Protein chains: 2
Amino acid sequence: MPALDHVLTALSDPTRRAIVERLSRGPARVTTVAEPFDMSLVAVSKHVRVLERAGLVRRARRGREHTLTLDARPLRRVAQWTWRYEQFWNARLDRLEGLFSKKGRRS
Amino acid sequence: MPALDHVLTALSDPTRRAIVERLSRGPARVTTVAEPFDMSLVAVSKHVRVLERAGLVRRARRGREHTLTLDARPLRRVAQWTWRYEQFWNARLDRLEGLFSKKGRRS
DNA sequence: ATAATAATTAACCAAACGGTTAAATATCAT
DNA sequence: ATGATATTTAACCGTTTGGTTAATTATTAT
């Protein structure tokens, strides 16, 4: 099970999130995945490797072609982690902010 | 609204996730937040700045003390993004994997 | 056997990261 | 005014990141 560090690092780059999005619409070869991006195939190949390290992409070699598929399970772990703070993103911030603004609103 | 890039970058480091966890138990000063970590105050101060850039932490200066609070709303956006792939992490991978293993399982 | 295709590895580069120590700034206490 | 406290800024360092081009490996097609 790849470290959450690796999963979040992988997702922090917009190109890699776009690759995830692309693969969610079905498996594809490396060249096909690379096609829409304004960068070299080598650069995309490296991004794919980062996604593999995160466990988000599986690679199946068939001859010279490598077909990539999405494995979304690590995303679930990200969702689970963030979900722990659900109560906080629903909470109004006014109460907390009141502690700091306009000096000295007690309680 | 801070970029998702910044939010995910901020969360990719375990120290910063621990700071988020700490602040979810209530506001705290920088020194207090730094105390459990085996690194300098300056290092923690830098981590806090990254969390601020991501919109995850608010700072309130009161005299020489800076009190930090969690703002979890960016976490919600992370959860929303990952949630788009919920169908994929529930899907069995066998079907996809069957396409690539044991050469030539048709259909 | 030769050539074209799919992809990686190697070598390089500038910028960002995660840490350090030393110095500076601002505030509070005496 | 002096000194202690809270925090940041500056300068530095080794590693990682995100990109490049050139060379290499492996496979398929003629």
Side-chain angles (χ1 to χ4, degrees), chain A residues 2-23 26-69 99-100 103-104, chain B residues 2-23 26-54 56-69 99-101 103-104:
Chain A
L4 198 52
D5 293 38
H6 285 154
V7 181
L8 289 164
T9 298
L11 295 176
S12 69
D13 183 89
T15 301
R16 288 191 292 261
R17 287 200 304 278
I19 293 174
V20 167
E21 156 69 24
R22 168 63 184 84
L23 292 179
R29 292 186 303 110
V30 177
T31 306
T32 308
V33 165
E35 194 263 321
F37 297 107
D38 189 22
M39 67 181 72
S40 71
L41 175 65
V42 175
V44 172
S45 176
K46 283 183 175 184
H47 281 304
V48 169
R49 197 147 31 78
V50 173
L51 289 165
E52 280 187 291
R53 182 183 64 175
L56 285 161
V57 163
R58 303 298 194 82
R59 177 192 306 261
R61 299 165 184 73
R62 182 88 79 97
R64 61 186 167 181
E65 298 183 357
H66 300 200
T67 302
L68 308 173
T69 49
L99 284 172
F100 309 116
K103 64 169 176 192
Chain B
L4 198 52
D5 293 37
H6 286 154
V7 180
L8 289 164
T9 298
L11 295 176
S12 70
D13 183 88
T15 301
R16 288 191 293 260
R17 286 199 303 278
I19 293 174
V20 166
E21 157 68 24
R22 168 63 185 83
L23 292 179
R29 291 188 303 110
V30 176
T31 306
T32 308
V33 165
E35 194 265 320
F37 298 106
D38 190 22
M39 67 181 70
S40 70
L41 175 64
V42 176
V44 173
S45 176
K46 282 183 176 185
H47 281 304
V48 169
R49 199 147 30 79
V50 173
L51 289 165
E52 281 187 291
R53 183 182 63 174
L56 285 161
V57 164
R58 303 297 193 83
R59 178 192 306 260
R61 297 164 185 75
R62 183 86 81 95
R64 60 186 167 183
E65 299 184 358
H66 299 200
T67 302
L68 308 172
T69 48
L99 283 172
F100 310 117
S101 59
K103 63 167 178 193

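A quick note: this is a predicted structure, and the numbers were derived from the prediction, not measured. Throughout, a chain's letter reflects where its sequence line sits, starting with A, and its residues are numbered from 1. Because only heavy atoms are used, hydrogens play no part in the values below, and waters and symmetry mates are left out as well, while side chains stay in.
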Practice prompt. Under the side chain to side chain contact (heavy atoms under 4.5 Å, CB included) rule, what do Thr32(A) and Arg29(A) come out as? Steps first, then yes or no, please.
Written response: CA-CA 5 Å; Thr32(A) 308; Arg29(A) 292 186 303 110; 3.9 Å; yes
Worksheet item: Any side-chain N or O of Thr31(B) under 4.0 Å from OP1/OP2 of dA6(D)?
Response: no
Worksheet item: Of Asp13(B) and Val48(A), whose nearest nucleotide on DNA chain C comes first from the 5' end?
Response: Val48(A)
Fill in: His66(A)-Arg61(A) side chain donor-acceptor pair, cut-off 3.5 Å
no
Worksheet item: With respect to the side chain of Glu65(B), which nucleotide from dA6(D), dT20(D), dG19(C) is positioned closest?
Response: dA6(D)
Response to the item:
Against the side chain of His66(B), the closest entry in dT8(C), dT8(D), dT17(D) is dT8(D)
Worksheet entry | Derivation and outcome, side chain to side chain contact (heavy atoms under 4.5 Å, CB included), residues Glu52(A) and Arg58(A) | CA-CA 6 Å; Glu52(A) 280 187 291; Arg58(A) 303 298 194 82; over 6 Å; no
Worksheet item: Roughly, in whole Å, what's the span from CZ in Arg64(B) to C1' in dT25(C)?
Response: 13 Å
Worksheet item: To the nearest Å, how far apart are Asp5(B) CG and dC17(C) P?
Response: 11 Å
Fill in: Separation of atom CZ in Arg61(A) from atom P in dT8(C), rounded to whole Å
8 Å
Worksheet item: For Ser45(A) and dA7(C), is the shortest distance between a side-chain N/O and OP1 or OP2 below 4.0 Å?
Response: no
Item to complete: For Glu35(A) and dT5(C), give me the distance from atom CD to atom P, rounded to whole Å.
Response: 16 Å
Worksheet item: Is Ser40(A) near enough to dG19(D) that one of its side-chain N or O atoms lies under 4.0 angstrom from OP1 or OP2?
Response: no
Discussion item. From the set dT7(D), dT20(C), dT17(D), return the single nucleotide nearest to any side-chain atom of Arg53(A).
Written reply: dT17(D)
Worksheet entry | Distance in angstrom units between Arg49(B) CZ and dT7(D) C1', rounded | 12 Å
Worksheet item: Rounded to whole angstroms, how far apart are CG on Asp38(B) and P on dG18(C)?
Response: 17 Å
Fill in: Candidate nucleotides dA7(C), dG19(D), dG18(C), ranked by approach to the side chain of His47(A) - the nearest
dG19(D)
Practice prompt. For Val42(B), report the nucleic acid contact type (base, sugar-phosphate, nothing); a contact means any heavy atom under 4.0 Å.
Written response: base
Worksheet entry | Stepwise side chain to side chain contact (heavy atoms under 4.5 Å, CB included) test for Leu4(A) and Arg17(B) | CA-CA 10 Å; Leu4(A) 198 52; Arg17(B) 286 199 303 278; 4.0 Å; yes
Practice prompt. Rounded to the nearest angstrom, tell me the gap between atom CZ in Arg29(A) and atom P in dT28(D).
Written response: 12 Å
Practice prompt. Mind calculating the distance between NZ (Lys46(B)) and C1' (dC17(C)) to the nearest angstrom?
Written response: 9 Å
Worksheet item: With a 4.5 Å limit on heavy-atom distance, are the side chains of Arg53(A) and Thr9(A) in contact?
Response: yes
